[in-house]
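Both backbone and side-chain heavy atoms feed into the values below; hydrogens, waters and symmetry mates do not. Keep in mind that this is a model prediction, so the values were computed, not measured. Per chain, numbering begins at 1; letters A, B, ... match sequence-line order.
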Number of protein chains: 2
Amino acid sequence: MFSALADPTRRRIVERLARGSLTVGEIASGFSIAQPGISKHVRILEGSGLISRQIDGRVHRCAIAPDAMQLVCDWIERQRRFWNAVLDRLGDAVEDSTERTGGK
Amino acid sequence: MFSALADPTRRRIVERLARGSLTVGEIASGFSIAQPGISKHVRILEGSGLISRQIDGRVHRCAIAPDAMQLVCDWIERQRRFWNAVLDRLGDAVEDSTERTGGK
DNA sequence: CAGTTATATAACTATATGGTTACTGACGAG
DNA sequence: CTCGTCAGTAACCATATAGTTATATAACTG
């Protein structure tokens with residue numbers, strides 16, 4: 001799922017889908033890359049569980065999958081906690097060193 | 001900076017550096033890949049501004065760069081807001097549809 | 001039915017990436 | 001000075017990835 005979102009084109013697709021569901025053709029019309037390329041990206045996003053597809057006759061309507069979105073949010077929250085902890089630790093280290101050296 | 005953190009090996013390097021500064025050799029000893037590979041990763045991390053290097057004789061001591069860490073935290077926070085907004089919108093859509101259909 | 005449209009699939013290309021080995025240079029110890 | 005060590009550079013390799021074009025399949029439309 002992380003690697004699915006690593007590609008900027010796929011992130012843009014998801015961002016567009018966040019505004020509402022779209023068919024594959026509608027997605028493709030927003031990019032300068034050819035339709036088969038979009039099909040690939042959509043397939044990857046679908047395979048990662050990030051989006052779902054409802055086939056309605058010829059058109060495939062794509063939408064963001066709420067469950068996956070929840071996982072994304074959870075994952076980001078974990079990352080946020082981790083990096084903030086790193087940042088805090090760096091802040092402490094700076095304080096320590098400024099104390100030891102008599103400071104700035 | 002995002003692409004620098006996209007590689008799992010580089011993330012692990014940063015995680016180890018979060019525990020304290022390390023020389024290139026010390027970093028390399030924690031991985032199964034050869035030293036020149038680590039050198040490359042370190043160079044990429046340094047080029048992205050995520051870590052800094054203090055050359056002390058033969059040894060190169062690496063540490064996380066606080067400024068970049070702040071940027072990472074800011075970026076993650078923006079992402080968190082964005083994806084939570086997407087999630088909220090999806091939640092509303094579900095509510096709407098269940099209202100319309102009389103569904104559970 | 002024939003023709004058009006929406007999408008997928010196949011085969012290929014180009015490029016980026018992560019890894020390797022071999023070698024080089026700088027520093028420090030004896 | 002010589003030798004060993006830490007690290008960087010160069011050249012190369014394998015693989016993955018994003019894109020392409022051409023073709024196939026399936027559903028509408030007249």
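At least one donor-acceptor pair under 3.5 Å links the side chain of Arg11(B) to the backbone N or O of Leu5(B). Although no hydrogens or angles enter the test, the distance criterion places a donor-acceptor pair under 3.5 Å between the side chain of Arg61(B) and the main chain of Ser21(B). At least one donor-acceptor pair under 3.5 Å links the side chain of Arg89(A) to the backbone N or O of Ala18(B).
Taking atom CZ of residue Arg43(B) and atom P of nucleotide dT17(C), one finds them 13 Å apart after rounding to whole Å. The CD1-P distance, from Ile33(B) to dA14(D), rounds to 19 Å in whole Å. A straight line from CZ of Arg12(A) to P of dA18(D) spans 15 Å, rounded to a whole angstrom. Between the P atom of dG19(C) and the CZ atom of Phe31(B) lies a distance of 10 Å, rounded to the nearest Å. When the C1' atom of dT7(C) is taken as reference, atom CD1 of Ile51(A) falls 14 Å away, rounded to whole Å. Between the P atom of dA27(D) and the CG atom of Asp56(A) lies a distance of 12 Å, rounded to the nearest Å. Nucleotide dC23(C) holds its P atom 15 Å from the CD atom of Gln35(B), rounded to whole Å. Distance CG (Leu45(A)) to C1' (dA18(D)): 14 Å, rounded to an integer number of Å.
Arg10(A) comes within 4.0 angstrom of sugar-phosphate atoms only, judged by non-hydrogen atoms across all strands, and of no base. At a threshold of 4.0 angstrom between heavy atoms, the contacts of Gly37(A) include nucleobase atoms, whether or not backbone atoms are also involved.
Judged by distance alone, with hydrogens and angles left aside, Arg58(A) brings a side-chain donor or acceptor within reach of the base of dT5(C), the pair sitting under 3.5 Å.
Between His41(B) and the phosphate of dG19(C), there is a side-chain N or O to OP1/OP2 separation shorter than 4.0 Å. Taking side-chain N and O atoms only, Thr23(B) has a distance below 4.0 Å to OP1 or OP2 of dA7(D). Between Thr9(B) and dT17(C) there is no side-chain polar atom (N or O) within less than 4.0 angstrom of OP1 or OP2.
Comment: Glu46(A) does not engage Arg43(A) in a salt bridge, judged by the lack of any side-chain N to carboxylate O separation of less than 4.0 angstrom. Using a cutoff of 4.0 Å between basic side-chain nitrogens and carboxylate oxygens, Arg12(B) and Glu15(B) are not scored as salt-bridged.
Heavy-atom nearest nucleotides on DNA chain C were determined for Glu46(A) and for Pro36(B), and the one closer to the 5' end corresponds to Glu46(A). Taking for each of Lys40(A) and Lys40(B) the nucleotide of DNA chain D with the nearest heavy atom, the 5'-most of the two is the partner of Lys40(B).
When distances run from any side-chain atom of Ser39(B) to the nucleotides dG18(C), dA7(D), dT7(C), the shortest one goes to dA7(D).
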